[in-house]
Protein chains: 2
Amino acid sequence: MPRKSSNTGETGEVAASHAIGTVARRTGIKVPTIRYYESIGLLREPVRTEAGRRVYDDAAVSRLKFIRHARELGFEIEQIRRLLELAGEPQGSCAEIDKIAKAHLADIDSRIARLKALRVEMQHMISECAHGKVCECRILEVLSNHSYCQHDKH
Amino acid sequence: MPRKSSNTGETGEVAASHAIGTVARRTGIKVPTIRYYESIGLLREPVRTEAGRRVYDDAAVSRLKFIRHARELGFEIEQIRRLLELAGEPQGSCAEIDKIAKAHLADIDSRIARLKALRVEMQHMISECAHGKVCECRILEVLSNHSYCQHDKH
DNA sequence: CCTACATTCTCTAGTGACTAGAGGAGCAAG
DNA sequence: CTTGCTCCTCTAGTCACTAGAGAATGTAGG
């Protein structure tokens with residue numbers, strides 16, 4: 001029966017342990033970022049080998065996968081911290097989780113709306129450019145004078 | 001005939017001069033930000049009064065309005081720096097201006113696309129939440145396991 | 001056993017575009 | 001002359017990392 005390195009227990013089930021580089025490969029999070037997450041308390045300090053190297057178990061890998069996925073979806077670190085905290089109380093209500101997710105959705109919506117407005121403005125500006133000399137460039141002119149704009153939301 | 005403070009010329013036309021606070025009010029850029037723009041070389045160092053206070057002319061106000069508007073449209077400082085440089089050569093071709101603007105438009109488009117994909121993911125995740133206990137929460141489950149996702153672009 | 005090379009360690013500093021605050025001086029009005 | 005506003009410089013903080021230096025440890029091949 002094959003065993004992973006540095007198994008500490010004598011029981012039948014042996015928890016797998018991984019070096020930071022392995023964890024980085026398995027989660028898609030870079031090594032310095034993992035250490036950074038530890039430094040801000042998002043990830044618990046792992047045990048160390050005698051030489052001082054970090055050793056992670058599978059739970060830490062899962063946690064990091066969660067963090068990565070949430071980051072990819074645009075959640076902020078503090079939101080993720082709260083989500084992880086809530087996940088630690090399985091019998092609690094998921095109302096706050098829902099609330100955080102909905103707030104994030106609203107945030108995404110407002111960013112989309114804003115970018116769409118910018119897009120209209122940019123498109124308009126570019127379409128008026130006659131590709132001539134700088135002194136005749138409508139792009140610069142519009143940038144110089146807000147009153148040419150369609151919206152004043154920005 | 002009313003005159004602005006500290007006029008330095010004896011000619012008929014007198015250049016208006018403004019304190020930094022006035023400029024901030026007229027451009028909508030905060031005082032520390034104006035000083036910041038000066039520190040990074042985006043805005044030329046203005047003349048000073050004997051006591052060391054910054055004094056701006058109308059050209060500086062126009063430049064700051066340009067900067068503000070471009071920032072509002074999402075241009076980066078370095079892009080704005082280049083646009084201002086190009087604006088300084090009125091007989092040159094506006095091809096590069098057009099190019100910068102189009103690159104920015106493409107950037108906006110890709111951000112919109114990305115946010116829309118995130119939106120779909122978030123919406124999906126939230127709609128599956130049954131508002132029960134944390135241990136049954138689909139949101140946490142999806143966050144834990146990327147394979148539930150529709151896309152793997154993120 | 002020795003030698004490469006890879007991996008890991010800690011620490012500091014840099015990114016972008018500001019923002020906040022301390023501590024001090026100038027200036028105009030009452 | 002005092003009150004209160006504006007202005008000055010300087011440092012440090014924000015967010016979520018990323019880059020790099022310099023040293024130690026681990027591993028594979030000869």
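Just so we're on the same page: letters track the sequence lines, and every chain starts at 1.
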Novice: Output every pair passing salt bridge (Lys or Arg N to Asp or Glu O under 4.0 Å) with a member in residues 83-93 of chain A, not counting sequence neighbours, ordered by first then second residue.
Specialist: Arg82(A)-Glu85(A)

Novice: Taking atom C1' of dA16(D) as reference, at what distance in whole Å does atom CD of Glu72(A) sit?
Specialist: 15 Å

Novice: Asp57(B): what forms a salt bridge (charged side-chain N to carboxylate O under 4.0 Å, His left out) with it, not counting sequence neighbours?
Specialist: none

Novice: For residues 34-46 of chain A, which residue pairs pass the side chain to side chain donor-acceptor pair (under 3.5 Å) check, not counting sequence neighbours?
Specialist: Glu38(A)-Arg54(A)

Novice: Would you say Arg35(B) reaches dT9(D)'s phosphate, i.e. side-chain N/O to OP1/OP2 under 4.0 Å?
Specialist: no

Novice: Ignoring hydrogens, what is the shortest heavy-atom contact between Val134(B) and Ala87(A)? Give both atom names and the distance.
Specialist: CG1-CA, 3.8 Å

Novice: With respect to the phosphate group of dA16(D), does any side-chain polar atom (N or O) of Arg81(A) fall under 4.0 Å of OP1 or OP2?
Specialist: no

Novice: What is the distance, to the nearest angstrom, from the CD1 atom on Ile34(A) to the P atom on dT7(C)?
Specialist: 14 Å

Novice: Encode nucleotides 1-6 of chain C as B, S and - characters from 5' to 3', where the letter depends on protein heavy atoms closer than 4.0 Å: B to the base, S only to sugar-phosphate, - to neither.
Specialist: ------

Novice: With a 3.5 Å distance limit and no angle check, can you tell me whether Arg71(B) reaches the backbone of Phe75(B) through a side-chain donor-acceptor pair?
Specialist: yes

Novice: Measure from CD on Glu50(B) to P on dC7(D) and round the result to the nearest Å.
Specialist: 18 Å

Novice: Check residues 99-109 of chain A and write down every donor-acceptor pair under 3.5 Å in which the side-chain atom is one partner and the other belongs to a residue at least two apart or another chain.
Specialist:
residue   : atom : partner   : partner atom : Å
Lys102(A) : NZ   : Asp98(A)  : OD2          : 3.0
His104(A) : NE2  : Leu73(A)  : O            : 2.6
Asp107(A) : OD2  : Arg111(A) : NH2          : 3.0
Asp109(A) : OD1  : Arg119(B) : NH1          : 2.4
Asp109(A) : OD2  : Arg119(B) : NH1          : 2.6

Novice: In whole angstroms, how far is the P atom of dA24(D) from the CZ atom of Arg54(A)?
Specialist: 17 Å

Novice: What is the separation between atom CD1 on Ile40(A) and atom P on dC17(D), rounded to the nearest whole Å?
Specialist: 8 Å

Novice: Could you encode protein contacts along nucleotides 13-23 of chain C as a string, one character per nucleotide from 5' to 3', using B for base contact, S for sugar-phosphate-only contact and - for no contact, with a heavy-atom cut-off of under 4.0 Å?
Specialist: ----BBS----

